[in-house]
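Heavy-atom basis, side chains included; hydrogens, waters and symmetry copies ignored. Each chain gets a letter, A, B and so on, in the order the sequences are listed, and its residues count up from 1. Only a predicted model underlies this, so the values are computations on that prediction, with no experimental measurement involved.
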Amino acid sequence: MKLKLHVWRQKGPNAPGKMETYDADHVSPDQSFLEMLDEVNEVLVKEGKDPIAFDHDCREGICGMCSQVINGVPHGGQDRTTVCQLHMRSFKDGDEIFIEPWKARAFPVIKDLAVDRGAYDRIIQAGGYTSCHTGGVSDGNAILIGKDAADYAMDAAECIGCGACAASCPNSSAMLFTSAKVAQLAVLPQGAVEAKRRVNAMLEEAQACGFGNCTNHYECQAACPKGINVKFIAKLNREYIKALLP
Amino acid sequence: MQVTQSSVGRKIIMAVTGAMLIAFICVHLLGNLSVFAGSAAINAYAQKLHSLGPVVWIFRLVMLGVFAIHIIFGIQLTIENKAATPDKNVQIKRLKTGFAAETMVVSGLVLLAFVVYHLLHFTVRVTNPEIYVPIEGGHGMVDVFVMVTQGFQQLFAVLLYVIGMGFLFLHVSHGFQSMFQTYGLSNDRTLPVMVNVSKLVGVVLLAGYASIPLLIILGIVR
Ligand code: FES
């Protein structure tokens, strides 16, 4: 099939960017979105032009590197699907597709579609860990954890840190990402010890990174390729209130 | 970090002050509906409030403070949120959020303007001198029934009230459920229910408040 692509091109972090139009004339419905872009880039390289820079790594939906806003929605808006797992069969011949980078003050554009998502790393560094010794592999089973808590923590841990929550948020808030880690660790005995310090430290770091404030749009959950639930934000709010109490 | 600076801290302040404002709005509506019970009922209600003297003034000052805090933090948070996305995408498609949630600051500011008008109209009583007539044996008190029923003979005033309440519907339909999420009282089962309850609360407030000017101008209540 033939597609018309409108792609955000920006030479560098401080260069002005703009949308440019490319034709993709030999797109197979079996290709992934990134494979389609690879082919467009091959043509650009052959023509001696600058290929479109975009992030990717695992291409199987687990690393969270592929960060593109497709037709106005991070990851394209297909339920629980990353860009790399989005297939061209979900588009029609003759479609026009808009491809843009994450846009948030905290995610500066490096080039074209590639953005610096280091802010999420800094939020994790601020408190998204446990500092007690958890022992070797066998010790993992030494502390019994109820199935409810284990499942809850696992659901929160599904977050791949791709940045779609902040990119989809009208306020560019990183609350879903922050809350997933806060909630995951707060329900586990190894993490609960530092729960109070963690929630404050991670929230302060998110603010310092320049993310906005959550106003309960719930847009993040809809855009999240892992379906992380906004119930974790409610949990973060509870953890914040608990940390205020003596 | 201080609660008044923290992202979630200020969200909780918005929710607490919002809860107080909604509680006030509900009680105020119940009081106002006494206009349907006739002149004696609403004037008795007004006199009762009047007889509380300083208590009413303390209550008014507290509500004013709550209102001011809600507005100031609301504006401050909105400015920060706008600054968090300096350049927007060319294409933006929202999957979940809606008009009410995206226009909270607008509906809020319209409500502020409405409250100022409403206070001048019925509390300070300066906008329409002809409707403020003293009640017999009321020691200079205004006949509230006459004030309201005469005040709502004017199409312009009725329109302002109904439109104002439309914005109240918008604001509450997002704000009510938002409050529960902010307190951490929502989960994946209750949130979808609360989203609908929130719209219902908005509709009930809109219907309740708008019914007063509408039934009066239609001549059903006189
Ligand atoms: S490239 Fe790893 S999630 Fe898409």
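- Looking at B:E102, the atoms closer than 4.5 Å to chain A (heavy atoms on both sides) sit in the backbone and in the side chain alike.
- Of the two parts of B:F180, neither the backbone nor the side chain holds a non-hydrogen atom closer than 4.5 Å to a non-hydrogen atom of chain A.
- Minimum heavy-atom separation, B:K96 to A:Y218: CG-O, 3.5 Å.
- B:H50 NE2: 12 or fewer foreign heavy atoms inside a 6.0 Å radius.
- Taking each heavy atom of A:A234 and B:S186 in turn, the nearest pair found is CB-O, 3.5 Å.
- When the candidates B:R94, B:K88, B:Q177, B:M1 are compared by the number of heavy-atom contacts under 4.5 Å with chain A, B:R94 comes out ahead.
- Both the backbone and the side chain of B:L95 come within contact range of chain A, each with at least one heavy atom under 4.5 Å from a heavy atom of that chain.
- Proximity to chain B is limited to the side chain of A:Q207, based on heavy atoms less than 4.5 angstrom apart.
- Highest contact tally toward chain A, considering only B:N187, B:D87, B:L191, is held by B:L191 [criterion: heavy-atom pairs under 4.5 Å].
- Highest contact tally toward chain B, considering only A:E239, A:K235, A:R238, A:E219, is held by A:E219 [criterion: heavy-atom pairs under 4.5 Å].
- Listed options A:C214, A:S173, A:P170 were ranked by heavy-atom pairs under 4.5 angstrom with chain B; first place goes to A:P170.
- Taking a 6.0 Å sphere around CE of B:M20, one finds it holds 12 or fewer heavy atoms contributed by other residues, nucleotides or ligands.
- For a residue to count as touching a neighbouring chain, one of its non-hydrogen atoms must lie under 4.5 Å from one of that chain's; by this rule A:L236 touches chain B with the side chain only.
- Nearest heavy-atom pair across B:T97 and A:H217 is OG1-ND1, 2.6 Å.
- Only the backbone of A:S168 comes within less than 4.5 Å of a heavy atom in chain B; its side chain stays farther off.
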Which is it for B:V3 and A:Y240 under the side-chain contact (heavy atoms from CB on, under 4.5 Å) test, yes or no, and what are the steps along the way?
CA-CA 10 Å; B:V3 175; A:Y240 178 83; 3.9 Å; yes
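- If you measure heavy-atom distances from A:N229 to chain B, the contacts under 4.5 Å come from the side chain alone.
- Considering all non-hydrogen atoms of both residues, B:K93 and A:N71 come closest at CB-O, 3.8 Å.
- Annotation: residues 115-124 of chain A contacts chain B through no residue [non-hydrogen atoms, separation under 4.5 Å].
- Contact between A:K231 and B:D188 at its shortest, heavy atoms only, is NZ-OD2, 3.6 Å.
- In this structure, the portion of B:I12 lying under 4.5 Å from any heavy atom of chain A is its side chain and not its backbone.
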A:M175 and B:S7: CA distance, side-chain angles, deciding distance, side-chain contact (heavy atoms from CB on, under 4.5 Å) verdict
CA-CA 10 Å; A:M175 204 56 82; B:S7 180; 3.8 Å; yes
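- For the set B:Q5, B:M14, B:H174, B:K82, the entry with the most heavy-atom pairs within less than 4.5 Å of chain A is B:H174.
- If you measure heavy-atom distances from A:L203 to chain B, the contacts under 4.5 Å come from the side chain alone.
- Neither the backbone nor the side chain of A:V199 comes within less than 4.5 Å of any heavy atom of chain B.
- Using modelled atom types and a 3.5 Å distance limit, the side chains of A:E100 and B:N89 yield a donor-acceptor pair.
- The nearest pair of heavy atoms linking B:A84 to A:G212 is CB-N, 3.5 Å.
- Proximity of a side-chain donor or acceptor of A:N216 to a complementary backbone N or O of B:S178 within less than 3.5 Å is detected.
- Judged by distance alone, with hydrogens and angles left aside, the side-chain atoms of A:N213 form no donor-acceptor pair with the main-chain N or O of B:N81 at under 3.5 Å.
- Taking 4.5 Å as the limit, every side-chain heavy atom of B:M104 sits out of range of all side-chain heavy atoms of A:T215.
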